[in-house]
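Counting starts at 1 for both ligands and their atoms, following the listed order.
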Amino acid sequence: MSNTRREFLGQSTTIAATTASAAWLYASEANADDKAKSDPNRLTVAVIGPGGMGMGHTNLLATNSAVRVAYVCDVDEQRAARAAETITKGSGQAPKIVKDMRQVFDDKEVKAVWIATPDHWHAPAAILAANAGKHVYVEKPCSHNLREGRLMIEAARKNKVVMQVGTQTRSTAHAIKGMEKLKTGVIGEILVAKAWNSQRRSTIGKQQPSEPPKNLDYDLWLGPVTYRPYQSNFLHGIWRWWYDFGCGDIGNDGVHDIDVALWGLGMKTHPTRIAALGGKSFFDDDMQHADTQYIVYEYAAATKAGKPKQLIFEQRIWSPYVQEGFENGNAYYGTEGMMIFGKAGKYAVYGPKNKLIEESTGNAPDLAAHHANFLECIRTGARPNADIEINHLSTALCHLGNIATRAGRVIHFDPAKEQITGDSEAATLLTREYRDHWARPIV
Ligand SMILES: NC(=O)c1ccc[n+]([C@@H]2O[C@H](COP(=O)([O-])OP(=O)(O)OC[C@H]3O[C@@H](n4cnc5c(N)ncnc54)[C@H](O)[C@@H]3O)[C@@H](O)[C@H]2O)c1
């Protein structure tokens, strides 16, 4: 056993009991001689959850000379191996492979982590990482429930770490240009913003509990979620349609569009009233979240002289037909005009009498720019473009919209206390029950 490996195992005594077999612990012993390890210009980082989106991050990080990916961490052995291969090919350096994220957090060399696990792991992992002093890039929606988002903000601030959320449109040059245009007052005062998500998803079928695959540590995949037996239509990726693990498509693609709606509307608080209709109109399967959803969020006027504002969200995940030219997009309604903004990289501004004022085409959501912004903020200590506090507001809209959809009645919300008022049943959905587990989120 090399010194490096022995030292590493020594450091990780807190998790020795759950450590994977030694053979699986390392992609390569060659890592001990890793030249990049001593390169002070490279930030030592880790990727946690290199699945669908996590591989998007892995592909970029593998060839980013600003970082050295020291670990890939996945509870699925096959996915971890695939990611390690990508890093090795791209950077010439083999990362360590682990399945328990505490091994990453225990390593003082690691300065930042990318977290692309399913939603139920976002807050637990991000809080543990922040408490270990790591800067955090965590995928959207930032949390699985509203309370977790608040805990994430507290963890980031208490530990003075950067916490960037994966809404990469916030770092996309063309979107920034469009939002700057709105700020000039080109369409007057914006009273209503709309976001929509229309596309054709696949059915998740109907399944019964079965044995998890051998390459998967299912108990670690569940984490602090109350135990329930494995079903093949939980993963990969399909977990997002289940209440226990995901937030539905509003928290998946919808949160990108909601975030851009909120950005243009310029709201820095939560809504006070939420009304929603929706449910399962199309799919006849195990999917629990709505496939069809219409939500109106109302923001109380900020001052006596101010006006209330509304954000509208519309979703059909069985219909790929475009609205205003886009599957995913936004409309901003101002007192003197309107703007249509397509996620794919186009916007159009209309003035009085629907006169076209400006049309612009630019780049689609720019993941590399979002990575660069995160790394820059680690260097400068500035708040990132999709800081946890910004995304908490957008992700909270997903949670409140889902709560109103499930309750089937208007929800009243106290933005300062982050509490639902007058509806104790709906209020229970602002958090969740966790099992007794080391990753149970606490700050
Ligand atoms: N920013 C974007 O544009 C974008 C796009 C797609 C997905 N996402 C987000 O990325 C996240 C992942 O989505 P996905 O579709 O890639 O899901 P996925 O199921 O394909 O990938 C999740 C990965 O995390 C692993 N994992 C689960 N628990 C883990 C744990 N405790 N430790 C380490 N690894 C663990 C799984 O084995 C899997 O490989 C979601 O939050 C999703 O919303 C973001």
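The shortest N/O to N/O separation between G251 and ligand 1 does not fall below 3.5 Å. At under 3.5 Å, not a single nitrogen or oxygen of I48, backbone or side chain, sits near a nitrogen or oxygen of ligand 1. Any N or O atom pair closer than 3.5 Å counts here, and W221 shares no such pair with ligand 1.
In this structure, R170 pairs ionically with D259, as a charged nitrogen and a carboxylate oxygen lie closer than 4.0 Å. Contact check on E77 versus K99 returns no salt bridge, with no Lys/Arg side-chain nitrogen under 4.0 Å from an Asp/Glu carboxylate oxygen.
At the shortest separation from atom 11 (C) of ligand 1 among protein heavy atoms lies T117 O, 3.4 Å. Atom 5 (C) of ligand 1 has as its closest protein heavy atom M53 SD, 3.4 Å. Looking only at protein heavy atoms, the nearest one to atom 22 (C) of ligand 1 is A116 O, 3.5 Å. Ranking the protein heavy atoms by distance from atom 15 (O) of ligand 1 puts R240 NH2, 2.9 Å first. For atom 44 (C) of ligand 1, the nearest protein heavy atom (residue, atom name, distance) is E139 OE1, 3.1 Å. Shortest contact from atom 18 (P) of ligand 1 to any protein heavy atom: R79 NH1, 3.6 Å. Here the protein heavy atom with the shortest distance to atom 30 (C) of ligand 1 is V75 CG1, 3.5 Å. D74 OD1, 3.5 Å is the protein heavy atom nearest to atom 36 (C) of ligand 1.
Inspection of the K177 and S360 side chains reveals an N or O donor paired with an N or O acceptor under 3.5 Å. Side-chain polar atoms of H289 and W242 form no donor-acceptor pair below 3.5 angstrom.
Using a 30° and 60° split on the angle between ring planes, W114 and H371 fall in the perpendicular class, above 60°. Using cut-offs of 30° and 60° on the angle between ring planes, the pair Y347 and F341 is parallel. Ring orientation note: the planes of Y218 and W221 are close to parallel, at an angle under 30° on the 30°/60° scale.
When the options E418, E148, H399 are evaluated for a side-chain hydrogen bond (donor to acceptor under 3.5 Å, both in side chains) with H392, the one that passes is E418.
With a 4.0 Å heavy-atom cut-off, ligand 1 is reached by the side chain of M101 but not by its N, CA, C or O. Neither the backbone nor the side chain of L235 has any atom closer than 4.0 Å to an atom of ligand 1 (non-hydrogen atoms only).
Ligand 1 places these atoms under 4.0 Å from at least one heavy atom of Q168: 1 (N), 2 (C), 3 (O). Set against the non-hydrogen atoms of G237, the atoms of ligand 1 under 4.0 Å away are 18 (P), 19 (O), 20 (O). Below 4.0 Å from some heavy atom of H256 lie the following atoms of ligand 1, by number and element: 1 (N), 2 (C), 3 (O). Listed by number with element, the atoms of ligand 1 under 4.0 angstrom from any heavy atom of L220 are 31 (N). Within ligand 1, the atoms closer than 4.0 Å to a non-hydrogen atom of D119 are 40 (C), 41 (O), 43 (O), numbered from 1 in the order shown. The distance from ligand 1 to the heavy atoms of G166 drops below 4.0 Å at these ligand atoms: 1 (N). Every atom of ligand 1 with a heavy atom of W121 under 4.0 Å away is listed here by number and element: 28 (N), 31 (N). Set against the non-hydrogen atoms of D76, the atoms of ligand 1 under 4.0 Å away are 37 (O).
A donor-acceptor pair under 3.5 Å is formed between the side chain of W196 and the backbone N or O of F326.
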For the pair Q231 and Q208, evaluate side chain to side chain contact (heavy atoms under 4.5 Å, CB included) and give the outcome as yes or no after the intermediate values. CA-CA 6 Å; Q231 259 178 240; Q208 293 299 318; 5.8 Å; no
Do L400 and L430 pass the side chain to side chain contact (heavy atoms under 4.5 Å, CB included) test, and can you show the C-alpha distance, the side-chain angles, and the key distance before you say yes or no? CA-CA 8 Å; L400 291 170; L430 290 173; 4.2 Å; yes
Apply side chain to side chain contact (heavy atoms under 4.5 Å, CB included) to residues E109 and R68 and explain how you reach the verdict. CA-CA 11 Å; E109 287 273 316; R68 177 180 77 91; 4.0 Å; yes
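The shell of residues lying under 4.0 angstrom from ligand 1, judged by heavy atoms, excludes G223. In this structure, M55 has no heavy atom closer than 4.0 Å to ligand 1.
When the heavy-atom distances from atom 27 (C) of ligand 1 to P118, P50, G56 are ranked, the shortest goes to P118. Distances from atom 33 (C) of ligand 1 to the heavy atoms of A439, A125, P365, C73 show the closest one on C73.
For R201 and W318, the positive end is not near the middle of the six-membered ring at less than 6.0 Å and at most 45° from its axis. For R406 and Y243, the positive end sits near the middle of the six-membered ring, less than 6.0 Å away and at most 45° from its axis.
Shown here is K280, whose NZ atom has more than 12 heavy atoms of other residues, nucleotides or ligands within 6.0 Å.
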